[in-house]
Structure formats: structure tokens, C-alpha cells
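So the structure is just underneath, and the comments pick up after that.
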Protein chains: 2
Amino acid sequence: MERPDPTKLPATAWAVLGILAFGEELTGYEVRQWADHVLRHFYWSPAMSQIYSELKRLEKVGYAVSRAAVSDDGRGKRVYGITASGEAALAEWAGRAPVEPPVLKHGPMLRAWLGHLSTPERLREQILEHRADTERELAEADASREVAARFPEWAYPELTIRWATRYYAAQRDLADRMLADLAELAEDGRREESA
Amino acid sequence: MERPDPTKLPATAWAVLGILAFGEELTGYEVRQWADHVLRHFYWSPAMSQIYSELKRLEKVGYAVSRAAVSDDGRGKRVYGITASGEAALAEWAGRAPVEPPVLKHGPMLRAWLGHLSTPERLREQILEHRADTERELAEADASREVAARFPEWAYPELTIRWATRYYAAQRDLADRMLADLAELAEDGRREESA
DNA sequence: CGTTGCATGTAAGGTGTTACATGATTAC
DNA sequence: GTAATCATGTAACACCTTACATGCAACG
């Protein structure tokens, strides 16, 4: 008969609450920006609409509160803050809930895996594009890291973004090694043809 | 008025079709095993029930066909194979569809990001556990790679699994460096306390 | 005067998981 | 006998995205 526990939330909800846990009152829009600049690099950035609904859910279970506020330009907005109960629940989740294993969905490798259906040239282009994307992400993460480094209360976020920059660097090296392997495979193919 | 294109499939469907694209007729159960041994390391392994429904969808659009068959032990089963049309569509998708950027959801880093809500000891334990998990995955991927290396028609899958083993190794190194950073942060904390 | 940014939501629908249900064979 | 593996599905539901809808302010 077990009814679903209203405090059993998906990781995304904890991530959103985690953004509020740094103490500032934020609008849904601002939560999204934090997600985009920081969270995205090791977790992921939910759609705007999901952020709004997660915030509502968090408020319903008492982990967040909202109040009407005004922007600098005088327009109305709604800001959310974490509650004591929310902080306790989040700490409990962070410390005791089983850590979900990392999930990876790597589009470029899915293409490489199906290399036999494509051409070495096309595949190479796709991996090169992936490499360029990674480099871009690396630059963005590094910019975010520099911002975080300016504030002592962001020591842990800074560590995770630093982790992300290393992750992107590793990703880039992995792309290079894949490119080398691909070249070798194509070479073998040519040799066989001419034989 | 645009009705949804019945051939516009999610990446998961292409992944399942991709498993069939290596030429063998497989049961849903076997598709799952391939996903678990290979695909999982760079993409992910869908739930059993989803595999069955993806196979049905693929058959409906004509990219796969199924027929009743018998196992060695005489029990009935249903095997799926790729069609010519399916092969063409898959090649088209692999070569021309925009490559989805890699998606990462890293549970352990989500915990590290919220380090201020936990203790250095607990966080360290969690990262160590992640490190051990990674090592396990590395061993499994390496075993799969060795199997793939025995068959020349699996050259591309072998490359991607090799990529995965390197990925896990990088992941492990990243965990080590995070552990070192964490230790340093804790050290700084202690120094401040005693000051 | 058009675009970008700020700001908030709803509705619809697709994606994917968990739980449930079933049943035979093989190995301990 | 009972657990694991093979084998196939359905139903319910949670998660999440896309598209739509709105409106003001600031900048060029």
C-alpha cells in the first residue's frame, strides 16, 4: 500500500535545491543561469520549464519558499530561497543517499561504433567537430572556474568546475587518440585493398 | 500541420538498430546483452522493456523484421534482423544527422559540488567509492574489448570500447586529482581553525 | 523598430523506468 | 527445491523537452 514518499525527489530536484543552498534568493531564471554556467559541466542543465516546476514542487514540500520581489527596473518577479528544512533534507540526501553512477551518452562515439556504415572521412569530420565542441566547453568551464575562484564560499563548486576543465581536457585527448586509431584503421584498409 | 515524421527516431532506437546492424538475428534479450556489454560503456543500456518496444517500433517502420524461432533447448523465441531499408536509414542517420553533444550526469561530482553540506571524510568516502566503481567498469570494458578484438568485423566497436577503457582510466585519474584537491582544502580548513 | 535579455508559465507529448506477470530450463 | 538464466511482454507512472503564449526593458 506504500504511498510514494513526497520527500523522495529526483536528482534534478536536489540539484535545483542545491543551487539555492548557496544562500541567495534567486528567480527561476537565475537558477537556470547558474545551472547553465556551473552545473551543466558535470551534471546537466534542465529546461527552463522544468526548473519552474521543480521550484514549485520544492516549495510544496517545504524545502523552498518564494516571495514576490521587484527587479532593479521595477518589474515584478518571484524569488526562491531554501528553508531550514530544505537545507537539512539536502544535507541528508548528499551524505546518505546512494550515489548514482555517472551516466554518459556520447553521441560522437555512437557514430564511431557504427563506423562500418559510414566513410573514414565523414567519421573523421564528426570526431573533429566533437573535438572543437569540447575545446569550446573547456574554455567556458575555465571562465566559470575563474569566477568561482574569487569567492571563498564557492570552494567546492570551484573544485568541481576544476574537475570539469580536466574532464574536457581528457575528452579532447581521447578524441585525438581516437582520431589516430581511426587513421591507422583506414591505413590498414588501404593496404588490404592494394594487396 | 506537419505530422511527426515516423522515421524520426530517438538515438536509442538507432542504437538498438545499430546492434542489429552487425548482421546477426537477435532476440530482445540478446540485444539487451549487447547493450550491456558494449553500448553501455559509451552510450547507455536501456531497460529491457524499452528494448522490446523499440524493436516493435523498428519493425513497424520497416527497419527490422522478426520471425519466430526456436532456441537450442526447443523453446520458442522471436528473433529480429535489420532490413535493407533499415540499414540505409541507419547509415543516413549516422552520416548526416547532427551529432548530439555528449551528455554527462555525474552523481559523485554533484555530491562534491555540495561539499559544504557534508564532511570532508564522508565526501572522501563517496569519491573513493566512485573510484572503485570506475575501476570495475574499466575491467569490464577491457574484457569486452578483448572479445571484440578477436573478430575483424568488429573493428569499429573495438575502437569505441578502447576509447571507453581510456575514458575510465581518465575518470579514475580525475577522481585521484579530486581526492588530492579535497585533501588540500581540508588542510586549509584545519589551518584556519587552529589560527 | 527589431532583437536580445529578463521573466514566467501551460499544455502536450515523447522518453524511459519500475513494478508486475508469466513460464521454462539449467545448475547447485 | 530454489536460484539463476533465458525469454517476453504490459501497465502505470515519472521525467523531461518542445512548442506555445505573454510582456516589459534595454540596446542598437
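First the proteins, then the strands, lettered A, B, ... as listed; each starts at 1.
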How long is the line joining [atom1] of [X] and [atom2] of [N], in whole Å?
X	N	atom1	atom2	result
L55(B)	dG9(D)	CG	P	9 Å
Y43(A)	dC15(D)	OH	P	11 Å
R67(A)	dT8(C)	CZ	P	13 Å
E59(A)	dG9(C)	CD	P	10 Å
K8(B)	dT15(C)	NZ	P	8 Å
W14(B)	dG16(C)	CH2	P	14 Å
E54(B)	dT15(C)	CD	P	7 Å
E30(B)	dC6(D)	CD	P	9 Å

Under-4.0 Å salt bridge between [X] and [Y]:
X	Y	result
E158(A)	R162(A)	yes
R150(B)	E146(B)	no
D36(B)	R32(B)	yes

Each nucleotide of nucleotides 17-28 of chain C classed B (base within 4.0 Å of a protein heavy atom), S (only sugar-phosphate) or -, in 5' to 3' order, makes BB----BBSS--
Indicate whether OP1 or OP2 belonging to [N] is found under 4.0 Å from a side-chain N or O atom of [X].
X	N	answer
R57(A)	dC15(D)	yes
T12(A)	dC16(D)	yes
K77(A)	dG9(C)	no
Y52(B)	dG9(D)	no
S71(A)	dA7(C)	yes
Q33(B)	dC6(D)	yes

* To do: Mind telling me whether W93(A) and W14(A) have parallel, tilted or perpendicular rings, with 30° and 60° as the class edges?
  =>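 Answer is parallel, since the angle falls under 30°.
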> For the rings on Y168(B) and H41(B), is their centre-to-centre separation under 6.0 Å?
Replying inline: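 Ring centroids of Y168(B) and H41(B) are less than 6.0 Å from each other.
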So that I know where these two stand, are W34(A) and W154(A) an aromatic pair - ring centroids less than 6.0 Å apart?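 Aromatic pair counts; centres sit under 6.0 Å.
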message: Using the ring-ring contact (aromatic ring centres under 6.0 Å, His included) criterion, which residues pair with H106(A)? Sequence neighbours excluded.
response: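 Checked H106(A) against ring-ring contact (aromatic ring centres under 6.0 Å, His included); matches are H130(A), W163(B).
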K56(B), nearest nucleotide to its side chain (from dG9(C), dG9(D), dT5(D)):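 Nearest to the side-chain atoms of K56(B), counting from C-beta on, is dG9(D).
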